Structures are given as C-alpha cells and as structure tokens.
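The block underneath contains the structure these notes are about, expressed in structure tokens.
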Amino acid sequence: MASIPEDVKKKVEELREKIRYHNYRYYIKNDPVITDREYDSLMDELKSYEEKYPKIVTPDSPTQRVGNKPQEGFEEVRHRYRLYSLDNTYSDKEVQAFDKRVKKNLGVADIEYVCELKIDGLSISLTYENGSLVTGATRGDGYVGEDVTENIKTIKTIPLRLFKDISIEVRGEVCLPRDEFNKINDERQKNGSNLFANPRNAASGTLRQLDPRKVAKRNLDAFFYQIVFPLEYDLETQVDVLEFLGELGFKTEPNAEKVRNVDGIIEYADNWQSKKNDLNYDVDGVVIKVNKIAHQDKLGYTAKNPCWAIAYKFPAEQARTKLKKVNFQVGRTGTITPVAELDPVQLSGTTVRRATLHNFDYVEERDIREGDVVLVEKAGEIIPQVIKSIKEERDGSEKKIEPPEKCPVCGDDVGKEKEDEVAFKCMNSVCPAKVKRRIRHFVSRDAMDISGVGEKMVERLVNEDIIDKPSDLYKMSPEDLRKLGEGIGEKTVENFFKEIDKSRNNPLHKLLVGLGIPGVGSKLAMDLARYFKSLENLKKAARDDLEEIPGVGSDLAKKISEFFSKDHIKKEIQVFEEEVNTTEEVEKVETNLKGITVVLTGKLEKLSRKEATELLTAMGADVTSSVSKNTDLLVKGEDPGSKYDRAKELGVKIIEEDEFYDLIGGVDQ
C-alpha cells in the first residue's frame with residue numbers, strides 16, 4: 001500500500017462511502033437521492049482507481065459483490081451459536097396458551113410483544129468483523145450450515161460494510177421477490193426448463209448455485225431480525241434490535257409492531273392475513289417475540305425452540321379449479337402417489353398447476369374424481385393439495401380414480417406389501433423410478449451431499465444401466481462416466497469423482513439419512529449416530545436398544561430393525577463399509593464447566609470475546625449475554641459493565657481473568 005498516494009486512498013474511501021450510502025437509499029429505503037447515471041459515474045470512478053491500484057481493492061468494496069469464477073463447492077460452517085427453529089401455532093387458542101406460559105414463567109400479569117411478519121425464505125447467519133462482512137452461512141441443521149459468503153455478497157440489500165465499525169453476528173431470511181420469481185419462471189418456460197414451484201424453492205436453489213454470477217442475475221432479497229447477544233450493544237428490547245439493524249444498514253421487515261398481550265397479537269395477525277398478498281414477498285405467518293431481551297434470556301430455550309418466541313402460521317389459502325387429469329408418481333420406496341393435473345389457479349401468490357392427492361384411500365374417502373371442480377389449498381403454505389370435490393358441480397362426465405394395476409414406469413405389478421397398509425407400491429425392486437429417486441435422495445444435501453450428481457446426471461446413469469443403487473456410485477470408474485458421451489468432458493469427470501471422494505469422509509449420520517431408513521430424518525440420524533457410534537453397532541442393535549433414543553418408540557424401532565434385516569440392504573451396507581466412513585466421532589470433553597451458565601463482561605487481555613465464547617462452548621458451558629438468577633459464573637475483564645453490578649446483586653460467583661484461565665487449563669500465547 002506504500003506506493004499508493006495518500007490523496008488516492010482518501011478519494012477511494014470517499015467514493016466507497018458515497019456508494020454505500022446510495023445503495024442504502026436505493027435498496028433499503030427505496031428512496032434514491034441521485035439518478036442511475038450519477039450512481040454509475042461514481043462506480044466507474046471507483047473501478048478506475050481500483051484497476052490502476054489493484055492493492056487498494058478490499059473485500060468489502062462495492063465493486064466486489066460478484067465473483068469472477070464458479071466455486072468448487074460449499075464448505076461446512078459450524079455455527080458459534082446454535083440457530084433454533086420456531087415452534088408453530090395455528091389457532092388463537094394456541095397463542096393464548098403461549099401467552100399464559102410466558103406470563104407464568106416470568107411471574108408477570110402483563111407482557112409486551114413484538115409481532116413481525118414471517119418471511120417465507122431461507123435462514124442465514126452473517127458475521128461481521130470491524131464492520132466488514134467475513135462469513136455468510138445457511139442455517140443447515142442449526143449446528144452446521146454451509147458457507148455461502150460469495151453468493152451472499154451478490155445480494156444488494158446486504159451490506160458488505162456496515163455504517164459502524166463493529167463486530168457482530170446477525171440473522172435474517174433470504175427470499176426472492178414475487179416479481180423476480182415470475183420473471184425467472186417465464187424465462188424457464190421459454191427455455192423448456194422445469195418451473196420453480198414457489199419463490200422459496202427458487203431462492204433455495206439460487207443460494208446454492210456454485211457460480212455467484214448466476215446468483216447475481218436473480219436479484220435475491222434479504223430481511224434481518226436478530227442480533228446475537230444484543231445486550232452487548234446496549235439493546236434492551238426487540239424494538240431496539242430492529243432499529244439498530246437499520247442503523248447498521250440492514251433491511252428489516254417494515255411492518256413489525258409492538259403489541260400488548262394476546263388481543264394485540266390476534267388483531268395484528270388477522271389484519272395481515274387479509275393483506276399479505278399485497279406484498280412483493282411471501283409471508284406465511286407472524287413471528288411473536290417477547291419484547292424485553294432480559295425476559296427472553298430468563299425464558300431461555302427448549303431442546304429445539306426458544307421459549308420466548310413462536311410462529312403463528314396463517315390458515316392455508318384455498319382456491320377452486322378443475323381437476324383435469326390424474327397422473328401416477330412413483331417414489332423412492334415404490335409408493336405410487338396420485339397427482340392431480342389442474343386448470344392453472346392463483347394460490348398464495350403463485351400459479352398452481354399440480355397438487356397431491358396423497359393416496360388412494362384419501363381419494364376414496366373424499367370421493368374425488370377426474371373432471372371434478374375441486375378445492376385446493378397449500379399445506380403449510382408450500383405443498384398444494386386437493387382437499388375436497390365440489391359434487392354439486394358434477395355433470396356426469398367425471399371418472400373414478402382407481403389405483404393402476406401396473407407400474408406407470410416399469411409396467412410391473414402393483415400391490416400392497418402388507419394388507420393393512422394404505423400405500424400401493426410397484427413390486428419391482430429395480431423399477432427405474434424407484435432407483436432414480438433413491439439415488440437422488442442419497443446424493444441430496446441432507447444426505448451424502450454429492451454436488452454435481454443432480455437429477456439429470458442420475459437419470460442418465462440409470463437409463464444407461466451404469467448404476468442401479470446408491471452404492472454403485474463408489475464402484476464407478478472414469479470410463480463408466482465417459483460412456484454417457486455428450487456433455488461429459490474431462491473436467492466433468494474430474495469434478496464428479498472429486499465430489500464422490502469427498503463424500504467418503506462424511507460422518508455416519510449423513511450416510512444414515514442417505515440410506516432412507518423409514519422414519520429417520522436428519523435429527524434422528526444424528527442421534528442414532530452419536531449413540532451407536534458406528535454402522536456396525538447400529539445394524540446389530542436390538543429393538544430395546546433403539547428405544548433408548550429419544551423419539552424412537554416401539555413402532556419406529558421395529559421399522560429400523562426390519563430395514564437392516566433386508567437382504568438387499570445387507571449387501572449394500574457391505575459395500576458402504578468398504579468404501580465410506582461408517583463411524584461418528586463424538587467429542588468428549590471432561591471439564592468442570594459442562595452444563596454451567598457463564599456470562600462474560602469487560603475486555604479480556606488474552607482472548608477476544610469470540611474466542612472465549614467458542615472455548616467455553618467447546619468445554620460444554622452455556623454462554624449467555626445477560627446475568628440472571630440462572631447464571632452460575634461471571635468472568636470479569638477490564639472495565640466491566642452493568643452485568644458485574646447485576647451479578648453482585650444476585651450473588652453470582654465472579655472470577656477475574658487470571659482465575660478464568662486457571663479454570664480452563666491455561667491459554668496458549
């Protein structure tokens with residue numbers, strides 16, 4: 001930097017500040033104060049300086065939003081602080097029960113809430129250091145997400161640099177505006193590509209693109225609603241949090257409102273249920289938060305959800321349309337699902353052309369027929385489903401919907417594996433539809449997460465008889481892949497096997513998800529992996545042992561046990577035991593900090609606040625941002641704040657920095 005003239009440095013910083021300000025006015029406030037031409041002139045001037053003096057370019061410069069080349073994949077990010085999911089409610093009665101619970105646990109008769117519209121998008125966590133964006137990560141399972149920083153940078157409503165030089169972690173939601181969603185689907189229709197089902201799916205697919213240049217073209221948006229440890233920034237309420245986010249340069253959902261008690265919540269929800277389709281982004285409910293941060297800390301968390309916030313989901317929107325035809329879809333276990341082809345209808349801001357009919361018992365119970373006028377709604381605001389037929393509209397031309405006698409894909413017999421089962425299944429174990437769906441599930445993000453083995457690649461590999469089960473992926477040779485011919489260059493071959501090899505080292509829980517064990521999702525797979533520690537132990541587990549896992553009852557234990565007893569599963573597991581990791585490493589830390597609640601205050605000499613928090617968390621402690629009667633220990637650094645006074649008042653044990661290092665066994669210098 002020594003060769004860069006001081007006046008150039010000053011000018012570049014002035015230009016960056018101006019551009020950041022005008023980005024904020026245009027993208028966040030929707031109130032530009034200069035013309036597009038004037039803005040372009042500022043950007044061109046900044047680019048000219050950065051081209052002349054490459055060393056002056058910084059990662060948070062406005063010119064650095066879009067990378068120049070695709071990424072090879074997404075690295076995992078272990079969240080420093082867990083991202084919890086919200087518990088859902090669907091009725092006024094459930095909201096009243098939540099309010100009653102909050103008041104009882106706080107010991108108050110009256111409580112203040114903040115209602116925020118619940119954006120239907122993807123949760124993200126952003127970390128800034130000294131005002132600059134350093135990491136953007138997806139929620140993942142709440143503990144581990146994906147590093148999507150390069151894609152996050154392309155979202156113009158997300159600041160690369162804050163208006164204040166502070167270090168902070170914020171959380172929010174990435175979404176796709178409805179007008180952008182419609183443009184994308186119009187373009188995909190022209191190109192003959194599959195249409196996105198809804199803006200949320202489109203946003204999810206976009207954020208996981210490996211090429212940031214493609215992400216930039218889709219104009220994603222983002223809203224922010226949470227700051228980790230808000231009391232560190234002297235923020236005492238959720239209203240303060242939202243205001244401070246705005247001051248830093250973040251976009252917040254503009255319709256948040258402070259209310260008193262249940263009546264205010266219900267009035268807010270009723271009002272927005274009727275107005276939500278006027279917005280240019282999808283919302284599927286209201287998030288209700290206790291306003292005072294101190295109250296939030298006191299209420300705490302369950303194993304899954306915060307006790308101080310809840311999502312009040314809007315009732316599903318419904319529409320009438322005609323059921324033109326029924327198609328049959330074959331799932332990865334062979335289950336045949338009837339799918340309704342509809343006259344296009346607008347529902348919750350999107351055009352719906354297809355809807356699930358669930359199963360043939362569902363169809364018979366509701367007497368739904370081909371040709372009926374039907375009522376359609378979105379289950380959970382996502383999946384369209386036919387809920388009833390309007391029999392008064394029939395003219396006699398309608399046809400009963402019967403299960404097919406033969407599989408619509410392979411032509412083999414259809415039947416039920418057990419008499420008391422609801423599902424009709426294709427009985428052919430190598431039905432191409434079953435094989436393809438099973439492999440697509442195996443390579444999916446929640447399972448083995450093998451990038452580059454997408455739907456089209458699986459289709460081609462199965463159609464050419466190169467693979468017929470997931471384990472075949474690990475037995476393939478480069479020559480097998482080259483047999484596909486068109487579009488398979490050496491770079492494709494190299495990337496394909498690079499991703500396959502990378503997946504070999506995945507932890508056991510990802511393999512368990514990929515196996516498709518009945519009733520076992522990501523959370524239970526992790527619990528099973530941590531308890532049994534190896535696939536060898538799990539496959540031999542007795543039902544009684546399986547029932548030791550929280551959430552595994554006798555029925556599910558039976559299904560898991562039966563799954564591992566099947567001959568074709570045994571053969572496949574033999575391959576996996578030879579080709580991939582089948583163990584789960586569970587870190588055990590013997591420490592006297594395990595399970596205790598710690599608060600940090602003041603400046604530490606040897607560690608940053610972030611480093612101290614990470615160290616305590618790794619040792620099993622629960623680090624919180626405020627002192628309460630539940631606090632076990634306060635670590636006091638230089639210039640402690642009000643937390644120190646509060647700890648003395650409550651009689652919380654207080655230790656100095658040197659005592660803290662003795663407690664944790666020292667700190668490497």
Side-chain angles (χ1 to χ4, degrees), residues 69-76 138 146 148 151 184 187-189 191-197 201-202 204-215 218 329-334 408-410 426 428-506 510-511 513-516 568 572 575-576 579-581:
K69 60 181 181 179
Q71 304 165 85
E72 292 185 357
F74 297 116
E75 297 293 327
E76 284 191 345
T138 60
E146 289 181 316
V148 289
N151 289 347
I184 292 167
E187 190 65 31
R188 291 174 76 85
Q189 191 164 26
N191 296 335
S193 302
N194 292 333
L195 302 185
F196 285 119
N201 283 8
S204 176
T206 299
L207 201 59
R208 296 198 79 251
Q209 286 276 347
L210 291 175
D211 191 344
R213 293 168 295 186
K214 293 180 180 178
V215 180
R218 289 193 179 167
Q329 184 173 288
V330 183
R332 64 183 170 88
T333 62
V409 175
C410 70
C426 170
N428 178 7
S429 62
V430 291
C431 170
K434 292 166 71 170
V435 170
K436 289 172 188 175
R437 285 184 175 274
R438 190 168 168 236
I439 295 170
R440 279 162 52 190
H441 171 75
F442 182 84
V443 302
S444 67
R445 181 179 60 174
D446 288 342
M448 293 297 274
D449 194 15
I450 306 177
S451 301
V453 189
E455 184 175 345
K456 290 180 181 177
M457 178 65 81
V458 171
E459 186 94 13
R460 294 177 72 183
L461 290 170
V462 174
N463 288 349
E464 294 297 322
D465 294 325
I466 294 171
I467 60 175
D468 63 16
K469 54 188 174 298
S471 60
D472 289 343
L473 289 166
Y474 297 98
K475 293 293 189 181
M476 283 179 60
S477 68
E479 193 52 45
D480 289 329
L481 190 59
R482 293 188 187 104
K483 289 177 186 175
L484 296 181
E486 186 181 350
I488 307 299
E490 287 310 303
K491 190 65 177 174
T492 301
V493 173
E494 180 186 339
N495 289 339
F496 180 92
F497 286 99
K498 183 178 178 181
E499 289 298 322
I500 293 290
D501 287 340
K502 181 180 170 185
S503 74
R504 293 177 190 273
N505 297 315
N506 281 340
K510 294 188 81 67
L511 175 60
V513 174
L515 287 175
H568 73 280
E572 189 138 37
V575 177
F576 287 131
E579 299 290 339
V580 306
N581 173 54

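From a predicted model like this one, the values you see are computed outputs, not experimental measurements.
- For the side chain to side chain donor-acceptor pair (under 3.5 Å) test, residues two or more places apart in sequence or in another chain that qualify with Asn581 are Thr583.
- Checked against salt bridge (charged side-chain N to carboxylate O under 4.0 Å, His left out), Glu486 has no partners two or more places apart in sequence or in another chain.
- Looking at Ile500 and Ile450, their side chains come closer than 4.5 Å, going by heavy atoms from C-beta outward.
- Salt bridge Arg482/Glu479: present, at least one basic N to carboxylate O contact under 4.0 Å.
- With sequence neighbours excluded, no residue satisfies salt bridge (charged side-chain N to carboxylate O under 4.0 Å, His left out) with Glu494.
- The CD atom of Glu76 lies 7.5 Å from the CD atom of Glu146; values are rounded to the nearest 0.5 Å.
- For the atom pair CG of Asn495 and CG of Leu481, the computed distance is 10.5 Å after rounding to the nearest 0.5 Å.
- Between Ile467 and Leu473, some side-chain heavy-atom pair lies under the 4.5 Å cut-off.
- Using modelled atom types, no side-chain atom of Lys214 and backbone atom of Thr206 make a donor-acceptor pair closer than 3.5 Å.
- Residues Gly487 and Thr492 share a closest heavy-atom pair of O-OG1, 3.7 Å.
- Qualifying side chain to side chain donor-acceptor pair (under 3.5 Å) partners for Ser471, counting only residues two or more places apart in sequence or in other chains: Glu572.
- Here Lys434 pairs with Val330, Cys426, Cys431 under the side chain to side chain contact (heavy atoms under 4.5 Å, CB included) rule; sequence neighbours left out.
- Distance check, rounded to the nearest 0.5 Å: CZ of Arg440 to NZ of Lys456 gives 12.0 Å.
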Under the side-chain contact (heavy atoms from CB on, under 4.5 Å) rule, what do Asp449 and Lys502 come out as? Steps first, then yes or no, please. CA-CA 9 Å; Asp449 194 15; Lys502 181 180 170 185; over 6 Å; no
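- With sequence neighbours excluded, the residues forming a side chain to side chain donor-acceptor pair (under 3.5 Å) with Arg504 are Asp501, Glu579, listed by chain and number.
- In terms of modelled atom types and a separation under 3.5 Å, the side chain of Asp446 and the main chain of Val513 share no donor-acceptor contact.
- Residues forming a ring-ring contact (aromatic ring centres under 6.0 Å, His included) with Phe576 (at least two apart in sequence, or on another chain): Phe442.
- In this view, Arg332 and Arg437, Arg438, His441 satisfy the side chain to side chain contact (heavy atoms under 4.5 Å, CB included) rule, not counting sequence neighbours.
- Qualifying side chain to side chain contact (heavy atoms under 4.5 Å, CB included) partners for Asp480, counting only residues two or more places apart in sequence or in other chains: Ile466, Met476, Ser477, Lys483.
- Pairs passing the salt bridge (Lys or Arg N to Asp or Glu O under 4.0 Å) check and including a residue from residues 460-471, sequence neighbours excluded, read Lys469-Asp472.
- Closest approach of Val409 to Ala433, counting heavy atoms only: CG2-CB, 3.6 Å.
- Across Leu484 and Leu461, no two heavy atoms sit closer than the pair CD1-CD2, 3.8 Å.
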Are Val453 and Glu499 close enough, and set up right, to give a side-chain contact (heavy atoms from CB on, under 4.5 Å), and what steps lead you there? CA-CA 9 Å; Val453 189; Glu499 289 298 322; 5.8 Å; no
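- Scanning for side chain to side chain donor-acceptor pair (under 3.5 Å) contacts around Ser444 gives an empty result, with sequence neighbours left out.
- Every pair tested for ring-ring contact (aromatic ring centres under 6.0 Å, His included) that includes a residue from residues 467-491 fails, sequence neighbours excluded, so the list is empty.
- Taking NZ from Lys498 and NZ from Lys491, the interatomic distance works out to 7.0 Å, rounded to the nearest 0.5 Å.
- Looking at every heavy atom in both residues, Leu207 comes nearest to Thr138 through CD2-CG2, 4.3 Å.
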